[in-house]
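Only heavy atoms go into these numbers, but all of them, side chains included; no hydrogens, no water, no symmetry mates.
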Amino acid sequence: MIDRILLEKLKSSFSEAFWFIKTNKVRTFLTALGIIFGVASVIAMLAIGNGAEKEILAQLELVGVNNIVVTPIPDEENEDDSEDEEESGKTESKRFSKGLDVLDAHSIKKHIPSVKLISPEIVMNTYVINNGRQNPVKLVGISPSFFEASNITLDNGSVFSDYQIKNAMPVCIVGKKVEKKLFTGESALGKQIKVKDVWLHVIGVIEEKFISDKAQENLGIRDLNEDVYIPLNTFLVRYKDRKIITDDANALNQNQNGPQQKMPRGNYHQIDKLTVQVANSNQLKATAEILSKMLKRRHNDVLDFEITIPIQLLKQQQKTKQIFNVVLSIIAGISLLIGGIGIMNIMLASVLERTKEIGIIRAIGATEEDVILQFLSESVLISVGGGIVGIVLGILSAYIIEAVSGIETILSLSSITVSFFIAVLVGLTFGIFPAKAAANKRPIQALRSE
């Protein structure tokens with residue numbers, strides 16, 4: 001019986017509140033603006049945050065977990081350092097470095113216990129001939145550990161066998177885009193392709209991976225789908241080995257009568273990238289430090305290489321985005337706070353305007369609880385309406401942001417639900433004070449007010 005009476009009171013209060021809001025549309029809309037923008041901001045912000053988190057996780061998968069990347073620095077980039085070293089009295093012999101090579105990879109694997117696997121790479125921009133036309137392609141010499149280090153799986157075929165690696169066999173594994181480009185509608189498996197002047201037998205096709213332009217730029221990742229992979233030995237034997245010194249005597253002695261000029265050697269490194277994977281993420285920093293000291297010693301104290309830890313870069317990027325999300329959350333919270341204050345102010349103004357009405361309903365038997373329920377119903381309805389409009393605006397904002405800026409946004413039901421309930425809670429919280437102010441008015445004084 002009590003529940004039925006309460007339901008009737010709620011129904012009556014919300015019905016009257018709806019009528020009051022309907023007759024004051026403009027004022028209601030202006031009151032709800034803070035809630036609308038606050039809810040929209042929360043939804044859009046969380047959508048951007050979810051998109052950023054997904055992108056970081058995808059990038060982490062691309063660079064591999066617990067990886068350390070060593071890249072060589074060509075001689076041209078070290079010219080200024082070399083001049084400084086000459087001025088400080090260092091001799092040419094002390095500054096000579098053999099460059100990053102396969103022997104470095106073997107030494108790292110042998111002498112650093114924390115290293116789980118190591119993956120050297122050699123990259124060459126070349127072309128593949130198909131139907132009499134040359135198509136640009138990246139030819140990459142790799143070891144079998146490359147696929148594990150880079151989280152790459154094969155869609156078809158198999159990885160290189162020990163026999164193929166040892167004997168530098170002309171075999172290759174191609175990216176999905178290469179397969180689509182050269183063999184439209186067909187499988188590349190078992191086919192022959194001519195890369196530069198060598199015929200290669202396709203023994204595998206890697207599973208397609210989506211790699212954004214942003215990931216390629218920030219992390220130095222190639223589009224793996226556009227590469228042709230061959231064994232490292234095959235690359236060194238059948239294509240190019242930079243450790244084999246070419247005859248540049250004429251270039252070096254072109255100014256015999258004048259002072260000897262130092263000629264930069266360009267990219268004299270045998271390999272272009274060295275990925276070192278450690279067993280435990282806690283060992284990343286210590287391993288990188290040992291790795292740096294070891295390589296510097298092997299390269300005659302010449303710093304012609306650069307060591308990066310991609311996961312640390314991603315963590316820093318994630319931290320920056322989290323700070324950005326916190327700032328956006330504060331802004332959204334301020335919007336909701338302003339919306340709540342707006343509701344409270346309008347409701348207080350409404351209480352003053354309806355003082356005589358409050359006196360009349362109190363005189364005919366309405367209790368304080370009835371008056372509180374009446375005014376709370378109005379504030380909750382305003383916040384609910386603002387929350388619904390805010391949800392629509394937030395969803396539209398997320399789609400517009402993605403379309404205009406290219407930033408991926410991911411909407412989630414939880415973010416929409418949470419923002420809506422926060423809006424209702426704001427309306428309820430900021431409606432309590434005006435409702436109590438209305439209920440505390442004495443009926444006689446209220447009836448006498450003008």
Quick one: does any side-chain atom of [X] pair with a main-chain N or O of [Y] as donor and acceptor, under 3.5 Å?
| X | Y | value |
| --- | --- | --- |
| Ser150 | Ile152 | no |
| Asn280 | Asn282 | yes |
| Asn50 | Ala47 | no |
| Gln270 | Val102 | yes |
| Asp104 | Leu295 | no |
| Asn233 | Ile165 | yes |
| Asn300 | Val302 | no |
| Thr409 | Ala398 | yes |
| Ser383 | Val380 | yes |

Locate the shortest heavy-atom distance separating [X] from [Y]; write the atom from each residue and the value.
| X | Y | value |
| --- | --- | --- |
| Ser97 | His299 | OG-CB, 3.3 Å |
| His269 | Leu100 | ND1-N, 2.7 Å |
| His201 | Gly190 | CE1-O, 3.3 Å |
| Pro72 | Pro74 | O-CD, 3.7 Å |
| Ser292 | Phe305 | O-CZ, 3.5 Å |
| Gly390 | Val39 | C-CG1, 3.7 Å |

Would you mind reporting whether [Y] and [X] have side-chain heavy atoms less than 4.5 Å apart?
| X | Y | result |
| --- | --- | --- |
| Val42 | Ile422 | no |
| Leu236 | Ile122 | yes |
| Val178 | Asp227 | no |

Say you draw a straight line from CG of Leu284 to OG of Ser114; how long is it, rounded to the nearest 0.5 Å? 9.0 Å
Interatomic distance, CG@Leu182 vs CZ@Arg133, rounded to 0.5 Å, equals 11.5 Å
Output yes when Glu208 and Lys180 qualify as a salt bridge under the 4.0 Å nitrogen-oxygen rule, no when they do not. yes
In terms of ring plane angle, is the pair Phe147 and Phe160 parallel, tilted or perpendicular, where the classes change at 30° and 60°? tilted
